[in-house]
> 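Below is a structure I'd like to ask you about.
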2 protein chains.
Amino acid sequence: MKTHTESEENYIKALYHLGGEQPVSNGDLAQRVGAKGSSVTQAVKRLGQKDLVNVVPYKGVQLTPKGIRLAKSILRKHRLWETFLVDKLGFGWDEVHPLAEQLEHIQSEELVDRLFQFLGSPKHDPHGDPIPERDGQMPPVLGQPIGAFTAGAEIRIVRVEDAGSEFFDQLDTMNINLGNTYEIRTISAFDASVELGSPTGSFWLSQSMCANIYAVQS
Amino acid sequence: MKTHTESEENYIKALYHLGGEQPVSNGDLAQRVGAKGSSVTQAVKRLGQKDLVNVVPYKGVQLTPKGIRLAKSILRKHRLWETFLVDKLGFGWDEVHPLAEQLEHIQSEELVDRLFQFLGSPKHDPHGDPIPERDGQMPPVLGQPIGAFTAGAEIRIVRVEDAGSEFFDQLDTMNINLGNTYEIRTISAFDASVELGSPTGSFWLSQSMCANIYAVQS
DNA sequence: CTTTTATTTTAGGCAAAGCTAAAAATTATC
DNA sequence: GATAATTTTTAGCTTTGCCTAAAATAAAAG
Ligand SMILES: [Mn+2]
Ligand SMILES: [Mn+2]
Ligand SMILES: [Mn+2]
Ligand SMILES: [Mn+2]
């Protein structure tokens, strides 16, 4: 049960985010971790020696099974900490990501298990993203983009994509939260914007807002 | 509000632990951080450049006011996290120190403030050690060693020194916890061991156990 | 199928943090 | 006060992780 540096873990996380189990290009990885390509070449060489990735020069980098396991365990910690910060400490869902990026590197199986219990064995984090299970299984990725429903449908918001702080601000000012339910009133044939109705009135959501908000029929 | 590396923070913490505001020798510091003297010489030079310590070659290293502020803020985080781990996650008080050594390096004022509130604004950690206030003030260091009381006194355990895991195991098997109250029955003139009485019976504590257990009259 | 463009790797540096071994300074001893 | 023992510093090396600039390779365009 070796231990990894923060940098290593960030590369693994980036690889999982970009490609999942598929190979990722040097350039994309460099962009994601915020380093230069040359640094990435070196870094993945180190990861390769630890059997966390397979590197094919000029072709791409791919997580090994071991790398995937590590990626999921970091993601699990990230999302559990986000849940803690929102549910227990009262942070806004737009504030917790940078903090979770620090907390996700704390190493202790025991701590993760206890945190998980303390939070009531959650399956999804404050943004609706699935929290990997202890054994690596992934709960379902919930919902479809709002635009995918048809007029008349009753929907419940179950997930939002992290589309930056302005997006979260907009959700905030419109009072849109996970769990909210609406009726789909209209879907514009012109610009794909959507009119949502609730007991208290109705309002329009732009196409780009809709694209980042996921819901299920309720 | 610059940010510090984990190594830097560990040196600062070690300096505060060893000398408080007083100078500390290279050797003592090396021993405490688990590095060689030569590494320490280098490290404190770097800390000096950041105005966290004053170095007098061959003489010793001393925290600056800025260094003291940092030391206290790390200690605050350490002890708040220990409180969280014990009070909220149900860890034993003998298990939390290594975890807190990781968590103490998480950087976020906001997180510390919210954690503090969440825990009910505690003044002391699970071992009875004072938690520095937001502004650097220190709550009182509680209690006197058990041997300092006189026979007949009613006492309450308020603090234990971290004297290693065997010490904690011993406390555990003897069922001794913070908050417990006893009567001092006897203090041996021969070996300074102490007989404590409780409603359920009485038992003897060796001198070296007593030296690490602090109590107040109750 | 060349040539141009874009991507990736190499080569060479730098800073943080550690190490060992040798030199220098301090402290203790006779 | 000179010498021996201890402590501290210097010098030189290592690894991680990042950088820039140049060389090599792959992909796109003609
Ligand atoms: Mn996140
Ligand atoms: Mn991270
Ligand atoms: Mn502790
Ligand atoms: Mn530490």
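Since the structure is predicted, the reported quantities are computational estimates derived from the model, not experimental observations. Order of the sequence lines sets the chain letters (A, B, ...), proteins ahead of strands, with each chain counted from 1.
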> Ignoring hydrogens and angles, answer whether the base of C/dT20 and the side-chain atoms of B/S38 contain a donor-acceptor pair closer than 3.5 Å.
yes
> Taking CD in A/Q117 as the centre, count heavy atoms belonging to other residues, nucleotides or ligands within less than 6.0 Å. Is the count above 12?
no
> Does a nitrogen or oxygen in the side chain of B/S39 sit under 4.0 Å from OP1 or OP2 of C/dG18?
no
> Could you pull out the closest heavy-atom pair between B/E82 and B/V96, with the gap in Å?
CG-CG2, 3.8 Å
> CD of A/E110: more than 12 outside heavy atoms within 6.0 angstrom?
yes
> Within this structure, what is the CD-to-P distance between B/E9 and C/dA17, rounded to whole angstrom?
11 Å
> Write down the distance between CD (A/E6) and P (C/dA16), rounded to a whole number of angstrom.
18 Å
> Under the salt bridge (Lys or Arg N to Asp or Glu O under 4.0 Å) rule, collect the residues that match up with A/E101, sequence neighbours excluded.
A/K13
> Which ones in residues 47-54 of chain B lie close to DNA chain D, meaning a heavy atom under 4.0 Å from one of its atoms?
none
> Of the options A/E9, A/H4, A/E8, which is the one that meets A/H105 in a side-chain hydrogen bond (donor to acceptor under 3.5 Å, both in side chains)?
A/E9
> Check the distance between C/dA15's P and B/E8's CD and give it to me in whole angstrom.
15 Å
> Who passes side-chain contact (heavy atoms from CB on, under 4.5 Å) against A/N180, sequence neighbours left out?
A/I157, A/N177, A/Y182
> Would you check if A/V33 and A/Y11 make a side-chain contact, meaning some heavy-atom pair closer than 4.5 Å?
yes
> Could you give the CD-to-P distance, from B/Q42 to D/dG12, as a whole number of Å?
13 Å
> Are OP1 or OP2 of C/dA17 and a side-chain N or O of B/T5 less than 4.0 angstrom apart?
yes
> Just the table, please: protein N/O against nucleotides 1-6 of chain D N/O, every pair under 3.5 Å.
none

> Which whole-number value in Å describes the distance from A/Y11 OH to D/dT16 C1'?
11 Å
> Is the phosphate of C/dA16, meaning OP1 or OP2, less than 4.0 Å from a side-chain N or O of B/R46?
no
> May I have the step-by-step check of side-chain hydrogen bond (donor to acceptor under 3.5 Å, both in side chains) for B/S193 and B/Q207, ending in yes or no?
CA-CA 5 Å; B/S193 62; B/Q207 196 262 326; over 6 Å; no
> For the backbone of B/L171 and the side chain of B/N175, can you confirm whether one donor and one acceptor N or O come within less than 3.5 Å of each other?
no
> Would you find more than 12 non-hydrogen atoms of other residues, nucleotides or ligands less than 6.0 Å from A/R114 atom CZ?
yes
> Check the phosphate of D/dC18 against A/S7, side-chain N and O only, distance under 4.0 Å to OP1 or OP2. Yes or no?
yes
> Between the protein and nucleotides 26-29 of chain C, list the N/O to N/O atom pairs that are separated by less than 3.5 angstrom.
residue: C/dT27; atom: OP1; partner: B/K59; partner atom: NZ; Å: 3.3

> Check each residue of residues 14-37 of chain A for a non-hydrogen atom within less than 4.0 Å of any atom in DNA chain C, then write out the ones that pass by number, or none.
A/S25, A/N26, A/G27, A/G37
